[in-house]
Amino acid sequence: GEDVEQSLFLSVREGDSSVINCTYTDSSSTYLYWYKQEPGAGLQLLTYIFSNMDMKQDQRLTVLLNKKDKHLSLRIADTQTGDSAIYFCAEGGGSYIPTFGRGTSLIVHP
Amino acid sequence: ETGVTQTPRHLVMGMTNKKSLKCEQHLGHNAMYWYKQSAKKPLELMFVYSLEERVENNSVPSRFSPECPNSSHLFLHLHTLQPEDSALYLCASSQLERGVGEKLFFGSGTQLSVL
């Protein structure tokens, strides 16, 4: 299997919450990241969490980390059409080369 | 100009051409990366230049040749490419501190089509 796995698609209605899930395999991962890629653009770092934390909140974004199950999630509250993008999970072992998943395409419809 | 700038944004080339992709970062970072993004595949690291070393993915064909003349500029030289090399090529930079620097800043990419 791949080191970082994500589902490929998620469709939500505008105003609902979106939850994007990710699993990783490296138990020594020190940092877990979420990146966002809008059409025609590169990836943009959205948020990250240290492995000794289990939750981080930043405005509409909530990151949950279950280190025992190696499961990371990104919750977007009150999802807007502008949130439509590809979301990448990445894990880092404390070096400078993160490992990325394939990305989850979030589609927000009215 | 701020952030990470890549040129050209789009490139169409034949299999016998030679071309180069350019990346420039204005963030004062000390590491630069080339990634390949193909549809439905994980983001593929191709090359990394940091302060002290160059790291390369051994699966990258020799028809791709990187060059990093200084900490702000990165090139990817292309020659005799194949149609399967068509993809979005992303440049990124990061600031290494005590060997850690996984907060990457990406450019908008070069969309490459090989005919």
Side-chain angles (χ1 to χ4, degrees), chain A residues 1-10 20 22-26 28-53 56 58 61 63 65 72 85-105 107, chain B residues 2-10 21 23-25 27 29-57 71 74 87-111:
Chain A
E2 293 174 0
D3 294 333
V4 179
E5 292 195 357
Q6 308 175 234
S7 55
L8 292 182
F9 298 98
L10 176 65
I20 303 172
C22 168
T23 57
Y24 59 97
T25 58
D26 189 350
S28 67
S29 294
T30 310
Y31 303 87
L32 288 305
Y33 306 86
W34 284 105
Y35 286 81
K36 175 183 180 182
Q37 184 180 32
E38 297 183 356
L43 280 68
Q44 174 192 6
L45 180 63
L46 263 187
T47 186
Y48 63 96
I49 188 169
F50 294 112
S51 59
N52 61 359
M53 299 169 63
K56 180 178 180 181
D58 183 1
L61 305 179
V63 178
L65 175 61
L72 183 74
I86 304 175
Y87 291 81
F88 290 87
C89 171
E91 62 90 15
S95 66
Y96 56 96
I97 305 178
T99 302
F100 287 87
R102 294 184 179 215
T104 299
S105 291
I107 301 161
Chain B
T2 58
V4 180
T5 304
Q6 289 187 243
T7 54
R9 289 295 309 272
H10 302 274
L21 309 185
C23 177
E24 184 174 0
Q25 59 98 359
L27 300 168
H29 287 167
N30 55 16
M32 296 188 77
Y33 309 69
W34 279 118
Y35 280 90
K36 176 182 179 183
Q37 185 177 24
S38 305
K40 302 298 187 289
K41 291 185 179 180
L43 209 59
E44 179 186 357
L45 177 69
M46 300 177 75
F47 304 100
V48 184
Y49 280 87
S50 69
L51 280 176
E52 296 159 5
E53 63 177 349
R54 167 178 140 178
V55 173
E56 52 188 273
N57 182 341
S71 61
L74 184 65
L88 180 67
Y89 289 84
L90 292 165
C91 173
S93 69
S94 74
Q95 178 62 24
L96 301 189
E97 295 174 2
R98 294 187 295 275
V100 179
E102 294 150 347
K103 298 175 195 171
L104 270 56
F105 291 75
F106 284 82
S108 297
T110 295
Q111 186 65 54

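As a basis for the values below, the full set of heavy atoms in this structure was taken, side chains included, without hydrogen atoms, waters or symmetry mates.
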Mutual orientation of the aromatic rings belonging to Y33(A) and Y48(A) [parallel < 30°, tilted 30-60°, perpendicular > 60°] | tilted
Under 4.5 Å from a heavy atom of chain B, the part of E38(A) involved = neither
is_close_aromatic(Y31(A), F50(A)), centroid dist under 6.0 Å | yes
Identify which part of L43(B) has an atom lying under 4.5 Å from any heavy atom of chain A, answering side chain, backbone, both or neither.
-> both
Taking every heavy-atom pair that is under 4.5 Å apart, which of Q111(B), Q6(B), K41(B) has the most such pairs with chain A?
-> K41(B)
Any side-chain heavy-atom pair of L104(B) and Y35(A) under 4.5 Å | yes
So what's closer than 4.5 Å to chain B heavy atoms on L43(A): side chain, backbone, both or neither?
-> both
Aromatic plane relationship, F100(A) with F88(A) - under 30° parallel, 30 to 60° tilted, over 60° perpendicular = perpendicular
